[in-house]
Amino acid sequence: MFDTLEDWRGELERTKGNVKYKVVTTNEGYVVSDKLPLYFVVPICVSEESILKYEGRGIPIWCWSCHNGAALLKMSAFPKEQDDIASQTQKAFLDGIYKTISKPPYELLKMDDLSSSLPSLQDIQTAYTKFKQLFLIDNSTDFWATDVKWFSLLESTNWLEIIRRVLKKAIEVAECLERQQTNVLLIEESATDLCCVISSLVQVMMDSYSRTKSGFQSLIQKEWVIGGHGFLDRCNHLHKSDKEEAPVFLLLLNCVWQLVQQYPPAFEFTETYLTVLSDSLYVPIFSTFFFNSQHQKDTSMSGESLKTQSGPFRFLTVWDWSVQFDPKAQAFLNNPFYAEKPKLDKSQRKTARFKVRYVLLNCFLKL
């Protein structure tokens, strides 16, 4: 669930990322920022003083480490409008971190500003709205009029094009980590939207554990729930404002669905599992996809107004499938054709890595 220090340390050990990265407890009590989780992972060279000074902004946060040691990181950008002295200080600070991360055997640190290389949240929302309109047909006359030009209408929504661009970007990042053995730093204003999408897809593509049910759950918890994706605003749960609404998490599920359809034996879960997750976004009894941050969830769930006669009110987690489904229904979440990836010896890994790259490239071409 990644709400404890032990969970983060366990993930670092699993991916062998504990050589160059460490878990920090600087934000315990949310003294640094209420937008950051209580615990997160940063390069060993980052001091707690710098995290406090910059309130977590501009700090490269670790997402995952490849088997060859190259790491995937994300970073929220510094404000663009500030005085020259502050800008120079921040630049010097970042340069020091970049040089440390880029030391041999990693000669390069690729920085990718997702705000400029991928569609904006507004573009994603507009495309998804158009996409949904294709299915809102009132009568048979409109149905047949739409059916004649269905594919051109589908293309004009731009929703599938966005999915293609996002998958292509994830493949590019995976190639940098695998083939070039280069650390990749994803940059975004808050690092809680498109950073979550790309980092999640990269891990699904490259880490077989993320393609299991428990692994995918851990991935969503780490990158999205604890990582601070604004579910409350992006899903517009309270219907306060449409300006912040954008189907970012649904975009991830759509991209994963593409991979599941093309390579079903590689996934322990099914498209039904993904569909249930998308439906659960809008079921208010679950706390998993209801809050903007871990801080908001903690403060909301500890409020006096949530106390009942039988004790404090307890939100349910979406991962407890028994709440929604009986054992027979839960069986539809499991893929009977799943083939667990065998562990290879060193002589087989190079060939296997080539096959993985070919599969990812082939996946992009099919789109």
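Numbering starts at 1 and runs along the sequence shown.
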Quick one: do Asn158 and Asp123 satisfy side-chain hydrogen bond (donor to acceptor under 3.5 Å, both in side chains)? Show the steps, please.
CA-CA 9 Å; Asn158 208 38; Asp123 292 338; over 6 Å; no
What do the steps show when you test Asp207 against Arg14 for salt bridge (Lys or Arg N to Asp or Glu O under 4.0 Å), and what is the final call?
CA-CA 11 Å; Asp207 191 343; Arg14 184 186 74 84; 2.7 Å; yes
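Counting only N and O atoms by type, the side chains of Glu223 and Trp64 include no donor and acceptor under 3.5 Å apart. Between the side chains of Ser33 and Asn27, no donor N or O sits under 3.5 Å from an acceptor N or O.
Here ring-ring contact (aromatic ring centres under 6.0 Å, His included) pairs that include residues 187-218, with residues two or more places apart or in two chains, are Phe216-Phe269. Sequence neighbours left out, not one pair with a member in residues 160-183 passes ring-ring contact (aromatic ring centres under 6.0 Å, His included).
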Can you give each donor-acceptor pair under 3.5 Å made by side-chain atoms of residues 51-61, sequence neighbours left out, with the distance rounded to 0.1 Å?
from  : atom 1 : to     : atom 2 : distance (Å)
Arg57 : NE     : Ala77  : O      : 3.1
Arg57 : NH2    : Ala77  : O      : 2.4
Arg57 : NH2    : Glu189 : O      : 3.1

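A salt bridge between Glu244 and Arg234 is present, with a side-chain N of the basic residue lying under 4.0 Å from a carboxylate O of the acidic one.
Note: Trp150 and Phe135 have perpendicular aromatic rings, judged against thresholds of 30 and 60 degrees for the angle between ring planes.
Counting heavy atoms of neighbouring residues, nucleotides and ligands inside a 6.0 Å radius, atom OH of Tyr282 exceeds 12 of them. Atom CD of Gln330 has more than 12 neighbouring heavy atoms from other residues, nucleotides or ligands inside a 6.0 Å radius.
With Trp62 as the aromatic partner, Lys222 meets the cation-pi criteria of under 6.0 angstrom to the ring centre and within 45 degrees of the ring axis.
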